[in-house]
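Report on one structure; see the data block that follows.
First the proteins, then the strands, lettered A, B, ... as listed; each starts at 1. Keep in mind it's a predicted model, so treat the numbers as computed, not measured.
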Amino acid sequence: MSELVLKNICKEYENGFKAVDNFSLEIKDKEFLIFVGPSGCGKSTTLRMIAGLEEITTGELWIDNQFANYLDSQERELSMVFQSYALYPNMTVYDNIAFSLQVRKLGKQEIDKRVQEVARLLGLEKLLQQRPKDLSGGQRQRVAIGNAIIREPKVLLMDEPLSNLDAKLRGQMRVELAELHKRLGNTIIYVTHDQTEAMTLGTRIVVMKDGIIQQIDAPKNLYENPINLFVAGFIGFPMMNMIKARIMIHEEMAYSQRGRSAYAENEMFYVFEKNRIQVTGYVKEVLLEKDYRGQDVIIGIRPEHISDRPTMNATQRITGEVIGRELLGSEIILYFSILDMQLSARVEATSTAQVGDKMDFFLETDHFCVFDEKTEENLMYH
Amino acid sequence: MDNSISFEKLASFTEEEREAFHEQMKERQISKQRMRKGIRVVINIVVALFVLLPLLYAISVSLMPSGELYTLELNLLPKNPTLRNFADAIAKVPLVRFVVNSFLVAGLITFGQIISCSLAAFSFSFLDFKGKNALFMLVMATMMIPGEATIISNYLTVSGFGWLDSYQVLIIPYLTSAMGIFLFRQFYLSFPISLYESAKIDGCSNLRFIVGILLPLTKAAIGAMAVYTFINAWNMYLWPLLVTGSNTMRTVQIGIGMLDSDESQSIILMIAGVVMIILPSLSIFIVGQKQLIRGMFQGAVKG
């Protein structure tokens, strides 16, 4: 059992800078928790406070119902994997893995047994007599993990462990880490600035900005139901499209010059310049209820909810000029401009659109997020 | 032959012609390199001779019979080389005893400084405590005070202890040095802090970290420090002169001074002595110079 409770934790430096502000969180046993955010958001500082490498300015840290603010690092029974691996260059892989047990003066046979076990788990059996400088990046990473898991810590802390690896190896290690978590069942707290890592690894994700928690949720919820503009923009690639628009409602029937009805009664639209996108269903209800008539909002649309052809769901049309085209193999990201905004759409690889084309795009309005322009909160958050 | 050759002409060569052409070009390149290298070697030899001239002349003089030096001719090399001067110097003063003393003193000072400076530098770079920077500044400030300025008060202190004319008076005042602390600290600042943090989380004590991880990884710094300290201690003059009185405690530098007495001044004897005592520090420098140079610069540039 290992449960962590962080209560109103703050970190303030002597110069008055608040790195972490009022951080409260309960971490359950066997969780794979991710701290994610842009650099300087306080995620590493929080991790280091949990590890005991930084003092907690105010607030409480509880590890397994034990008040841990003033415990030394080694008394907290945690272990940590560093971004730079932090292997001891003068020792062999074997000694690197065994170090924390040697410090604790365990018997030689016991140590040997556990080192062999960990080495087998991580595929390091043949490298035990090598030194860190002879290893590749991925192998060093594995040794660092071996050093961290050998004494069966209550919580395993990882500080951007994959950011020194190249893209391919990173993907591979990501899979291995997920596998390892399944097998060991440790509680893991993992810091990263890479939202892909966060989305693929975490059971829960904490999104931070400027030392403040923005949202704590499962990856899927975070993606589909972001609490504010920051989270919506940070999670997901390519970034969510943001369009500034005004909510307009037509209370009376209006007719076009030819006499056909242009708008029905009480129809609601997002309006930006000459573009009109109809609002219907749940979104309309919420906007009516919160009385956003005539107000400015920011609508957020994921690239996969913009299509290059009309479908059952994608019915609302806008016209833009293609300014970029990225072939990802199975699909294409089309970047297009409309007014002074740049949007992106994820379309099928069969699309023949070229840079410079003027073309129609169709939006799935059901998946819109709508943010208040001033508070930047998601009005659709539920 | 001209270096430039048109592409068409090269293409029209037969296989043999082409091979000959390649061979020719290669030879020209080699001879060019040889020429450059030759010039460099000649310049180096000239400069080295110029720098080493006093030392070489001293060695030459120490091998001359006394009659050869005091002539009107310019004798650069001994005509009848002899080792008598060395034997005479040793017979006149107990040089061997002095050398042993110097080795003992310099060795212990070196050992002590490495221990004390590395520990102090560790706390200045890895630990966090109030007044750390002020304290470090204070240590650095002591470097600004010349040793001669404090030598009288130091003398009074040690004579108050009744330590005069003993090994401890030669060693203990020099067991630490601001320069050493500074040198080690610069090294430790470039040492990845995550290794220390990792060791801390692993449950490793500070002392174990120093002995097991820090010292083995800063061998270059220790080597540089050791060579530098040893040579300094070996060359100490004023302090040993002041606090030692008997032949049993004197160090070599004083011993050389003793060869120069008013009644019988013999430059040849003195130079023979100097040549003998230069040898240990010279050989230590030759053995340790790689470490010294690597050590001095390793802290300066990362990597």
Side-chain angles (χ1 to χ4, degrees), chain A residues 13-14 44 47-55 71-92 95-106 111 131-133 140 143-151 153-161 164, chain B residues 114-115 118-119 121-137 184 187-226 291 294-295 298-299 301-303:
Chain A
Y13 289 105
E14 273 170 33
S44 277
L47 193 78
R48 291 167 61 84
M49 282 194 283
I50 296 172
L53 297 173
E54 300 255 4
E55 263 176 49
L71 292 182
D72 280 342
S73 295
Q74 64 255 42
E75 291 171 320
R76 300 188 190 196
E77 292 175 61
L78 315 167
S79 61
M80 186 155 167
V81 178
F82 290 82
Q83 178 178 358
S84 54
Y85 316 135
L87 301 179
Y88 310 119
N90 55 326
M91 301 184 192
T92 60
D95 287 331
N96 262 292
I97 295 176
F99 187 68
S100 62
L101 299 183
Q102 289 168 347
V103 170
R104 284 176 172 70
K105 301 207 165 61
L106 258 73
I111 291 179
R131 276 173 208 277
K133 67 169 166 28
R140 284 181 203 183
V143 177
I145 292 170
N147 163 294
I149 61 176
I150 192 162
R151 62 194 155 91
K154 285 181 176 166
V155 180
L156 187 54
L157 308 175
M158 297 190 166
D159 189 1
E160 311 212 7
N164 279 1
Chain B
I114 285 170
I115 303 274
S118 63
L119 289 178
F122 169 81
S123 41
F124 280 131
S125 44
F126 287 97
L127 302 183
D128 248 330
F129 52 90
K130 269 214 169 96
K132 178 167 110 171
N133 285 331
L135 204 60
F136 184 66
M137 287 299 150
F184 273 120
F187 258 93
Y188 294 169
L189 287 185
S190 64
F191 192 86
I193 188 86
S194 59
L195 277 186
Y196 175 61
E197 289 175 340
S198 173
K200 230 163 95 177
I201 290 178
D202 281 345
C204 178
S205 67
N206 280 340
L207 205 60
R208 179 157 185 169
F209 171 73
I210 294 173
V211 174
I213 296 164
L214 191 60
L215 291 187
L217 289 178
T218 47
K219 273 189 214 136
I222 296 170
M225 175 73 189
Q291 295 264 308
R294 184 149 40 110
Q298 201 176 51
V301 184
K302 214 184 154 197

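The candidate from A:Arg151, A:Met80, A:Gln102 with the greatest count of non-hydrogen atom pairs under 4.5 Å with chain B is A:Arg151. Highest contact tally toward chain B, considering only A:Ala144, A:Ser73, A:Ala148, A:Pro153, is held by A:Ser73 [criterion: heavy-atom pairs under 4.5 Å]. The choice from A:Arg48, A:Arg76, A:Glu75, A:Gln83 that makes the most heavy-atom pairs within less than 4.5 Å of chain B is A:Arg48.
With a 4.5 Å cut-off on side-chain heavy atoms, B:Leu217 and A:Pro89 count as touching. Taking the side chain as every heavy atom from C-beta outward, B:Asp202 and A:Gln74 never approach each other to under 4.5 Å. By the 4.5 Å heavy-atom criterion applied to side chains, A:Tyr88 and B:Ser198 are counted as neighbours.
Looking at A:Leu87, the atoms closer than 4.5 Å to chain B (heavy atoms on both sides) all sit in the backbone: N, CA, C or O. The part of A:Leu53 that comes within reach of chain B is its side chain, from C-beta onward, which places non-hydrogen atoms under 4.5 angstrom from that chain.
Taking CD from A:Glu77 and CD1 from B:Ile201, the interatomic distance works out to 13.0 Å, rounded to the nearest 0.5 Å.
Shown here for A:Met91 and B:Ile213, the closest heavy-atom pair between the two residues is CE-CG1, 3.7 Å. When all heavy atoms of B:Gly212 and A:Asn90 are compared, the pair lying nearest together is O-ND2, 2.9 Å. The heavy-atom pair separating B:Ser194 from A:Ser84 by the smallest distance is OG-OG, 2.9 Å.
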